[in-house]
Undergrad: 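Starting off with a structure, shown below.
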Amino acid sequence: MACNLDGMKIASWNVNSIRARIAHVTEWVAREKPDVLLLQELKGSEFPALTFQELGYESAAVTQKTYNGVAVLSLHPIETVATALLGDEADTHARFLETRVQGLRVVNIYAPNGNPIGTDKFNYKLAWLDRLKVKLEHWLRDGTPTVIGGDFNIIPEDIDCHKPSSWIHDALFQPEPRERYRTFLSMGYTDAFRSSHPGETGQFTFWDYFRKAFETNRGIRIDHFLLSPSLAPRMTACHIDKAPRQLEKPSDHTPIVLELH
DNA sequence: ATGTCGCCTCATAGGCGA
């Protein structure tokens with residue numbers, strides 16, 4: 001299936017409130033000029049589409065008051081395919097947005113955090129990941145080049161956190177979500193960052209606001225790009241841009257950037 | 001348990017979610 005992805009740059013960033021972070025995001029977009037940007041944790045009913053339109057970006061957003069919220073920005077036309085994850089009609093969280101850009105299936109997710117473990121929140125997380133798996137199976141079968149990006153709220157392996165013992169009681173590090181993430185990989189999806197940086201330690205996308213976590217690089221890698229088998233050979237690079245995390249009043253996450261050919 | 005953000009409201013302090 002032909003699609004023009006040459007030089008295409010796709011980024012993902014959990015901004016922890018688009019209203020609080022609008023200056024950081026617009027400055028980063030103007031400088032980095034990604035073809036596509038996936039945003040998570042918008043935390044508001046209104047998405048500032050006009051602000052990004054002025055920078056040349058079309059947008060699609062699924063919003064919710066106070067919580068969650070995901071958006072896709074693109075220099076190219078966006079076709080919105082789905083605004084909710086199938087499998088639970090009662091689930092009203094704004095966590096899923098499936099689009100098509102330049103013949104590529106671009107899926108933006110904000111997976112549930114799931115803390116504390118042993119509660120409905122943790123069960124919701126596992127059920128949500130199981131629903132995502134059903135979609136992942138469908139997308140494999142139709143062969144369309146597919147990228148799933150966003151905040152997975154999963155620390156895949158021990159090297160994806162500064163110190164495993166600090167996270168053993170956290171939902172992001174539990175065997176159940178990690179097992180699901182490994183299943184996604186065994187199905188044929190590629191973890192874009194890890195596959196291009198095998199064994200590299202100290203590479204994180206999130207650092208807590210407290211205890212000087214960023215300054216001491218005590219972080220976790222929870223923002224990911226999964227690539228379908230049809231897309232994986234077209235990855236040229238994947239990196240984490242720590243610059244926005246160093247700004248005044250930053251998001252607790254920083255962007256991850258994927259490049260294709 | 002704690003730390004620190006950002007949001008909201010039975011609002012200017014406290015609760016929730018992360």
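The chains referred to below are lettered A, B, ... by the order of the sequence lines, with proteins before strands, and numbering in each begins at 1.
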Undergrad: In whole Å, I'd like the distance from the CD atom of Glu215(A) to the C1' atom of dG3(B).
TA: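 Rounding to the nearest Å, CD of Glu215(A) and C1' of dG3(B) are 13 Å apart.
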
Undergrad: Restricting to side chain to side chain contact (heavy atoms under 4.5 Å, CB included), what partner residues turn up for Gln53(A), sequence neighbours left out?
TA: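 Residues passing side chain to side chain contact (heavy atoms under 4.5 Å, CB included) with Gln53(A): Leu50(A).
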
Undergrad: Taking OP1 and OP2 of dG6(B), is either one under 4.0 Å from a side-chain nitrogen or oxygen of Arg21(A)?
TA: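 So the side-chain polar atoms of Arg21(A) do come within 4.0 Å of the phosphate oxygens OP1 or OP2 of dG6(B), strictly under.
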
Undergrad: Report the residues that fulfil salt bridge (charged side-chain N to carboxylate O under 4.0 Å, His left out) with Arg245(A), sequence neighbours left out, ordered by chain and then residue number.
TA: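 Testing Arg245(A) for salt bridge (charged side-chain N to carboxylate O under 4.0 Å, His left out), a comparison that skips the adjacent residues, returns none.
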
Undergrad: Rounded to the Å, how far apart are Glu248(A) CD and dG6(B) P?
TA: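 Whole-Å distance recorded here is 11 Å.
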
Undergrad: When you check every protein heavy atom under 4.0 Å of nucleotides 10-18 of chain B, what one-letter string (B, S, -) results, 5' to 3'?
TA: -------BS

Undergrad: Taking atom P in both dA1(B) and dA13(B), what distance in whole Å separates the two?
TA: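 Result for the P pair: 27 Å, nearest Å.
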
Undergrad: Going by the rule side-chain hydrogen bond (donor to acceptor under 3.5 Å, both in side chains), which residues pair with Thr216(A) if we only count those two or more places apart in sequence or in a different chain?
TA: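 For Thr216(A), the residues satisfying side-chain hydrogen bond (donor to acceptor under 3.5 Å, both in side chains) (neighbours in sequence not counted) are Arg218(A).
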
Undergrad: How far does the C1' atom of dT12(B) sit from the matching atom of dC7(B), given to the nearest Å?
TA: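 15 Å, rounded to whole Å.
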
Undergrad: What integer distance in Å separates Arg245(A):CZ from dC5(B):C1'?
TA: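 Going from Arg245(A) (CZ) to dC5(B) (C1'), I get 10 Å.
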
Undergrad: When rounded to the nearest Å, what value does the distance between P atoms of dG15(B) and dC10(B) take?
TA: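 dG15(B) and dC10(B) have their P atoms separated by 14 Å.
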
Undergrad: Just distance, no hydrogens or angles: give the donor-acceptor pairs under 3.5 Å from side chains in residues 116-123 of chain A, sequence neighbours left out.
TA:
from	atom 1	to	atom 2	distance (Å)
Thr119(A)	OG1	Pro116(A)	O	2.6
Thr119(A)	OG1	Lys121(A)	N	3.2

Undergrad: List the steps and the verdict of ring pair (Phe, Tyr, Trp, His ring centres under 6.0 Å) for Trp207(A) and Phe214(A).
TA: CA-CA 5 Å; Trp207(A) 299 261; Phe214(A) 182 70; 4.8 Å; yes

Undergrad: If you only use heavy atoms from C-beta on, which nucleotide in dG6(B), dC7(B), dG3(B) is closest to the side chain of Arg211(A)?
TA: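 Shortest atom-to-atom distance from the side chain points to dG3(B).
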
Undergrad: Please give, in whole Å, the distance from dT2(B) C1' to Arg218(A) CZ?
TA: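 Value for this atom pair: 13 Å.
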
Undergrad: Residues two or more places apart in sequence or in another chain: which of them pass ring pair (Phe, Tyr, Trp, His ring centres under 6.0 Å) with His138(A)?
TA: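 With neighbours one apart ignored, the set is empty.
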
Undergrad: Distance check, C1' atoms only: dC16(B) and dA11(B), in whole angstrom units.
TA: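 Straight-line distance between the two C1' atoms is 15 Å.
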
Undergrad: Answer yes or no: does a side-chain N or O of Lys212(A) lie under 4.0 Å from OP1 or OP2 of dG3(B)?
TA: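 For Lys212(A), the contact criterion (side-chain N or O under 4.0 Å from OP1 or OP2 of dG3(B)) is not met.
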
Undergrad: Can you check whether His224(A) and Tyr181(A) have ring centres sitting under 6.0 Å from each other?
TA: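 Yes.
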
